[in-house]
2 protein chains.
Amino acid sequence: MSESDTRQRILDAAEALFMEHGFEATTLRRITSSAKVNLAAVNYHFGSKDALIKELFRRRLTWLNEQRLAALARLEAEAGDAPLKPSRILEAFFGVAVTMATDSAGGGQTFMRLLGRTYTEPSAFVRNFLAEEYSEAVARFKTALVKALPDVPREEIYWRFHFMLGAMSYAISGADALNIIAGTPLAEDDGGLLYARLMTFLLGGLRAPLPSTAATNSKATTHSPPRTPRAPRTASSKS
Amino acid sequence: MSESDTRQRILDAAEALFMEHGFEATTLRRITSSAKVNLAAVNYHFGSKDALIKELFRRRLTWLNEQRLAALARLEAEAGDAPLKPSRILEAFFGVAVTMATDSAGGGQTFMRLLGRTYTEPSAFVRNFLAEEYSEAVARFKTALVKALPDVPREEIYWRFHFMLGAMSYAISGADALNIIAGTPLAEDDGGLLYARLMTFLLGGLRAPLPSTAATNSKATTHSPPRTPRAPRTASSKS
DNA sequence: AACTGTTTCAAACAACTGTTTCAATTCTAC
DNA sequence: GTAGAATTGAAACAGTTGTTTGAAACAGTT
């Protein structure tokens with residue numbers, strides 16, 4: 001075989017375990033025993049646990065963002081000079097992700113759940129790595145959105161993109177977190193329905209009317225946070 | 001005086017460190033040395049690290065949800081039998097959270113960022129604890145939304161609530177994650193503007209037209225995920 | 001056959017984890 | 001002041017972590 005089969009077994013096992021227990025809680029011993037390889041194999045093939053994590057993201061994430069960029073390029077080619085429809089841009093960015101997230105057979109589902117959670121990972125090196133890996137795709141989509149929505153201030157678009165990423169992250173993080181909301185577990189439907197749900201929600205948010213205080217700090221009263229008493233730093237702790 | 005000051009110092013230090021490095025990566029030794037107390041104090045006052053985490057959430061989260069429920073009850077009281085406006089319901093739920101999240105002085109900001117991330121925490125005991133702590137508030141707001149939006153299927157509301165939580169989580173997780181998007185760091189503005197931005201986005205998403213395939217599986221073509229080739233499980237790994 | 005570089009294996013390494021122990025100290029009430 | 005409780009302190013505990021080691025097994029070439 002061209003590439004050691006041990007590498008693949010380690011990567012697959014690590015992906016599943018990281019997804020289930022997080023990075024720090026997943027030990028090399030659990031990974032290697034789940035992959036049925038020797039403990040030292042990880043350091044032999046990848047150098048360290050951190051390098052394993054990076055490699056794990058690389059093999060999926062670069063592919064994902066290439067797909068996104070290709071979809072965007074396709075849109076721009078067939079639109080010529082005309083501005084793109086915002087819905088098409090969102091489809092290019094989030095459609096690929098959701099497709100990957102609902103590919104339960106190939107392990108994409110596992111990975112996308114992991115990715116969604118990792119976005120807010122505290123670990124510095126993971127965040128830096130993600131930023132680097134995402135930079136090109138995000139920049140391209142940002143400018144596409146700015147061009148497609150000439151009436152929306154640039155900062156507003158960035159924030160809404162940020163919000164959309166949060167919604168998607170929760171969407172693909174699956175029913176695990178959702179069951180906190182719905183007392184009774186919801187039927188986990190196939191990807192098509194989830195995608196339609198997410199897409200209409202995102203589009204509604206993206207096309208929402210601008211907040212009245214977005215550009216200028218007028219004295220509009222709408223949508224200012226309701227006044228609440230200060231949060232207690234000392235709550236009744238014992239009885 | 002009534003309650004040991006050591007407890008408070010531990011809780012405050014732990015909150016900040018958990019926020020910055022996560023639960024597993026934060027050791028008791030770092031917590032106690034940051035709080036300038038003895039290592040054994042954690043186990044003496046709280047019993048275990050897990051119990052410390054629970055207590056840390058309890059002192060903020062119960063207060064937060066009480067505020068939410070009080071705001072909702074106020075709305076229902078002044079509306080009588082009339083259905084509530086969805087925007088008011090969202091304000092009651094998310095307004096309190098954002099207010100707490102932008103209270104940088106009292107430590108609420110730190111806590112809310114921690115909470116947003118914890119929502120998708122893999123650790124089982126944290127998730128179970130959160131579900132228990134949230135159950136009442138979420139149930140009340142769910143039924144309020146269902147009553148306020150009689151034309152929207154119940155499942156659709158749950159999912160949109162889920163999406164909204166994701167957007168809020170990213171909103172309060174702050175510019176750390178946002179800077180991955182905006183190459184140049186955005187000006188971190190005060191809470192009022194962030195709240196207005198989030199609120200318009202959420203309302204736009206909540207009031208979006210229903211996905212065409214929501215209730216019945218008609219053969220609508222809109223919003224089905226674009227076809228993409230299968231994600232590679234084996235990517236070019238070496239060269 | 002013998003020699004090559006690569007991969008696997010069991011064992012050990014030092015460092016760090018949450019938790020206990022028990023004496024020393026401080027606080028509280030009589 | 002003194003007895004008794006509550007709290008702190010330094011040190012040690014047993015267990016786990018990522019990583020390293022050096023010998024053994026394997027592959028391919030001449």
Side-chain angles (χ1 to χ4, degrees), chain A residues 1-57 118 121-126 129 234 236-239, chain B residues 1-57 118 121-126 129 234 236-239:
Chain A
M1 294 299 165
S2 63
E3 263 289 325
S4 159
D5 156 84
T6 305
R7 281 180 65 99
Q8 292 302 325
R9 300 244 298 282
I10 292 176
L11 285 171
D12 290 342
E15 197 170 69
L17 287 172
F18 283 151
M19 149 69 197
E20 197 166 354
H21 305 106
F23 290 126
E24 317 246 19
T26 301
T27 76
L28 290 185
R29 282 167 179 81
R30 291 182 72 164
I31 294 174
T32 51
S33 93
S34 160
K36 294 197 201 338
V37 301
N38 188 269
L39 167 62
V42 169
N43 285 277
Y44 176 77
H45 282 284
F46 299 94
S48 69
K49 186 183 181 183
D50 284 9
L52 166 65
I53 295 177
K54 281 193 188 178
E55 179 61 31
L56 194 152
F57 274 97
T118 306
E121 177 83 7
S123 163
F125 101 91
V126 176
F129 175 69
T234 302
S236 69
S237 44
K238 268 292 170 52
S239 79
Chain B
M1 288 295 174
S2 67
E3 264 287 327
S4 160
D5 152 87
T6 305
R7 280 181 65 99
Q8 292 303 324
R9 299 246 297 284
I10 292 176
L11 285 171
D12 289 342
E15 198 169 68
L17 287 172
F18 283 150
M19 150 70 198
E20 198 167 354
H21 305 105
F23 291 126
E24 316 244 22
T26 301
T27 75
L28 290 185
R29 283 167 179 81
R30 290 181 73 163
I31 294 174
T32 51
S33 91
S34 160
K36 295 197 199 340
V37 301
N38 189 271
L39 168 63
V42 169
N43 284 278
Y44 176 77
H45 283 283
F46 299 94
S48 69
K49 186 184 180 181
D50 283 9
L52 166 65
I53 295 177
K54 281 193 188 178
E55 179 60 31
L56 194 151
F57 275 97
T118 307
E121 177 83 8
S123 162
F125 103 91
V126 175
F129 174 69
T234 300
S236 70
S237 44
K238 266 295 169 53
S239 73

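Please read all numbers here as calculations on a predicted model, not as lab measurements. In what follows, every chain begins at residue 1, and chains take the letters A, B, ... in the order their sequences are listed.
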*Shortest non-hydrogen contact between A:Thr6 and A:Ala41, atoms and distance*: CG2-CB, 4.2 Å
*So, A:Ser34 side chain and A:Ala13 main chain: donor-acceptor pair closer than 3.5 Å or not?*
no
*Can you check whether B:Phe125's main-chain N or O pairs, donor with acceptor, with B:Lys54's side chain at less than 3.5 Å?*
no
*Give the nucleotide from the list D:dG18, C:dT19, D:dT8 with an atom nearest to the side chain of A:Thr27.*
D:dG18
_Nearest to the side chain of A:Asn43, heavy atoms from C-beta on, is which of D:dA12, D:dT20, D:dT8?_
D:dT20
_Complement of C:dT21, any strand, by Watson-Crick or G-U distances under 3.5 angstrom_ = D:dA10
*OP1 or OP2 of D:dA6 sitting under 4.0 Å from any side-chain N/O of B:His45?*
no
_Heavy-atom nearest nucleotide on DNA chain D for A:Gly47 versus A:Arg30: which residue maps closer to 5'?_
A:Arg30
*asked:* Check whether B:Lys36 reaches the backbone of B:Arg9 with its side chain - one donor and one acceptor, N or O, closer than 3.5 Å.
replied: no
_Any base atoms under 4.0 Å from B:Thr32, or only sugar-phosphate, or nothing? Heavy atoms, all strands._
nothing
*Find the distance B:Arg29:CZ to C:dC16:P and express it as a whole number of Å.*
10 Å
*Please determine, for C:dA14, whether a Watson-Crick or G-U wobble partner exists with both distances under 3.5 Å, and give it or none.*
D:dT17
*Please tell me which of the listed nucleotides, C:dA10, C:dG18, D:dT20, lies nearest to the side chain of A:Asn38?*
C:dA10
*Determine which nucleotide pairs with D:dG28, using a 3.5 Å limit on both distances of a Watson-Crick or G-U wobble pair.*
C:dC3
*Among the nucleotides D:dT8, D:dA11, D:dT17, which one has an atom lying closest to any side-chain atom of B:Leu39?*
D:dA11
*Counting just side-chain N and O atoms, does A:Thr6 come under 4.0 Å of either OP1 or OP2 of C:dT8?*
yes
*asked:* Looking only at the side chain of A:Tyr44 (C-beta and beyond, no hydrogens), which of the listed nucleotides C:dT8, D:dT8, C:dG18 gets closest?
replied: C:dT8
*Checking all strands, does A:Ala40 fall into the base, sugar-phosphate, or nothing category for heavy-atom contacts under 4.0 angstrom?*
base
